[in-house]
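First the structure, in the form of structure tokens, and then the observations on it.
Quick note on labels: first sequence line is chain A, next is B, and so on, each numbered from 1.
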Amino acid sequence: MPELPEVETVRRGLAKLVLGRTIAQVVFDWPKGFPNSQTDVNTFVIGAKIVSVQRRAKVLILDLDSGYSLIVHLKMTGQLVFTDSQSDDLRFGAGHPSDSLINNLPDTSTRVTITFRDESKLFFNDQRKFGWMKLLPTATLPDIPFFQKVGPEPLDASFTADRFVERFQRRQKTSIKAALLDQTVIAGIGNIYADESLWAARIHPNTRVVDVTNDQLNTLFSELRLVLNTAIKKGGSTNKNYVNAQGKKGSYMDFANVFRREGQPCLRCQSSIDKIRVAGRGTHICSNCQVLPT
DNA sequence: CACTTGACCTGTCCGC
DNA sequence: TGCGGACAGGTCAAGT
């Protein structure tokens, strides 16, 4: 569920909350989700300071002053949530309804607990255990296969409509939705924003890429950027598990046009939103606005 | 190489 | 109420 806007929201939160903090302790007991050894953690993490918080595609990168980085993929149900005595005050203080905050504490899904020298903590929670955290030398990050293959950032200022169109050249036979979800084509798009941007551009998700016109691709480019930027402003989408670095939900789902709106009226034409299956995923469309080419 | 499908997980929901 | 099965969806491995 965490896609580009959600991961970017977490990144911005962490940049405010953990940048400059020094790590005192790391508790982890989950080799599959954190494969590094206790020795490496002791040597390169304990006593190290977080010097930058970056994002590439849906991956978070916490650079340490030891020359190593913690990289984190939240996959579907991962959370990185920070807590200290101040955020406890925030949690229980007036004007902060508890229902907007679903988790910033350790629970049964907590996989890694990082404690800083000032006793504040960062929890990596992941109910479904698809996510992971890895410790790697910062200099080797560009060699990771995922970073080698992943496509351009859709919100980069240098990313143009022409470049967007060009990225689809080698995915002609597959559906436009499968191509949008392919991280080697464009970085950071997942199921929610694929459906939302295709609705906005009035393209049926099952349209083969070769049958999508250049005009449509240009529209898709601008609508996709609009959708992603709007979602970041709303703090991302909380479908179920997602929360930001302070444990709070995002509100973009309140503004979604098709995602999880099956049976409700299309906000453009009032037709009922349908849920179909495309590229193996639940897909939401307005069958009236989004029509397959004949 | 292009493309599709299944596996990885656990919690939830639906129908019997 | 209990229980089996479908579903949720990001990415990679294995398949066609």
Self-check item: Between CG on residue A:Leu198 and OG1 on residue A:Thr283, distance to nearest 0.5 Å
Solution: 9.0 Å
Practice problem: Can you tell me which stems involve DNA chain C, if a stem is defined as three or more consecutive Watson-Crick or G-U wobble pairs, both distances under 3.5 Å? | Solution: B:2-8 with C:10-16, B:10-16 with C:2-8
Exercise. Look up atom CD in A:Glu6 and atom OG1 in A:Thr238, then write down how far apart they are to the nearest 0.5 Å.
Key: 7.5 Å
Quiz item: Any sub-3.5 Å donor-acceptor pair from A:Glu153's side-chain atoms to A:Arg56's backbone N or O?
Solution: no
Exercise. Give a yes or no on this: more than 12 heavy atoms of other residues, nucleotides or ligands lie within 6.0 Å of atom CD of A:Glu119.
Key: no
Quiz item: Is there a donor-acceptor pair under 3.5 Å between the side chain of A:Gln264 and the backbone N or O of A:Ser272?
Solution: no
Exercise. Could you check how far CZ of A:Arg281 sits from P of B:dG6, rounded to whole Å?
Key: 13 Å
Quiz item: Hey, which of these two, A:Ala57 or A:Lys275, hits DNA chain C nearer its 5' end, going by closest nucleotide?
Solution: A:Lys275
Exercise. Tell me, please, the opening and closing nucleotides of DNA chain C, 5' to 3', among those with an atom under 4.0 angstrom from a non-hydrogen atom of chain A.
Key: C:dA8 to C:dC12
Quiz item: For the pair made of CD in A:Gln172 and C1' in B:dC3, what is the distance, rounded to whole Å?
Solution: 13 Å
Quiz item: Hey, do the aromatic rings of A:Tyr252 and A:Tyr193 have their centres closer than 6.0 Å?
Solution: yes
Self-check item: Given DNA chain C, 5'-ward residue of the pair A:Phe146 and A:Gly282, judged by closest heavy atom
Solution: A:Gly282
Quiz item: Is it true that A:Asp211 and A:Arg208 make a salt bridge, defined as a side-chain N closer than 4.0 Å to a carboxylate O?
Solution: yes
Exercise. For A:Arg208, report the nucleic acid contact type (base, sugar-phosphate, nothing); a contact means any heavy atom under 4.0 Å.
Key: nothing
Quiz item: Rounding to the closest angstrom, what is the interatomic distance between B:dC13 and C:dG10 at atom C1'?
Solution: 22 Å
Practice problem: Please report, rounded to the nearest Å, how far the C1' atom of B:dT5 is from the NZ atom of A:Lys177. | Solution: 16 Å
Quiz item: Within this structure, what is the CG-to-P distance between A:Asp182 and B:dA2, rounded to whole angstrom?
Solution: 10 Å
Exercise. Remember a base hit wins even if backbone is also touched, and classify A:Gly280 as base, sugar-phosphate or nothing at under 4.0 Å, heavy atoms.
Key: nothing
Quiz item: Can you check the A:Glu262 CD to B:dC14 P distance for me, whole Å?
Solution: 12 Å
Exercise. Calculate the interatomic distance between A:Gln169 atom CD and B:dC3 atom C1'; express it in whole Å.
Key: 17 Å
Quiz item: Is any side-chain N or O of A:Arg170 closer than 4.0 Å to OP1 or OP2 of B:dA2?
Solution: no
Quiz item: With respect to A:Val10, which candidate in A:Leu80, A:Val243, A:Val72 satisfies the side chain to side chain contact (heavy atoms under 4.5 Å, CB included) definition?
Solution: A:Leu80
Practice problem: Round to the nearest Å and state the distance from A:Arg128 atom CZ to B:dT12 atom P. | Solution: 12 Å
Exercise. Identify whether any heavy atom of A:Phe259 sits under 4.0 Å from a base atom; if not, whether one sits that close to sugar-phosphate; answer base, sugar-phosphate or nothing.
Key: sugar-phosphate
Quiz item: To the nearest angstrom, how far is A:Lys173 atom NZ from B:dT4 atom P?
Solution: 10 Å
Self-check item: Donor-acceptor contact present, side-chain A:Gln216 to main-chain A:Thr213, <3.5 Å
Solution: yes
Exercise. For B:dT5 versus C:dC7, give the span between their P atoms, rounded off to a whole number of Å.
Key: 15 Å
Exercise. Go through the side-chain N and O atoms of A:Ser120 and A:Asp118 and say whether any donor and acceptor fall under 3.5 Å apart.
Key: yes
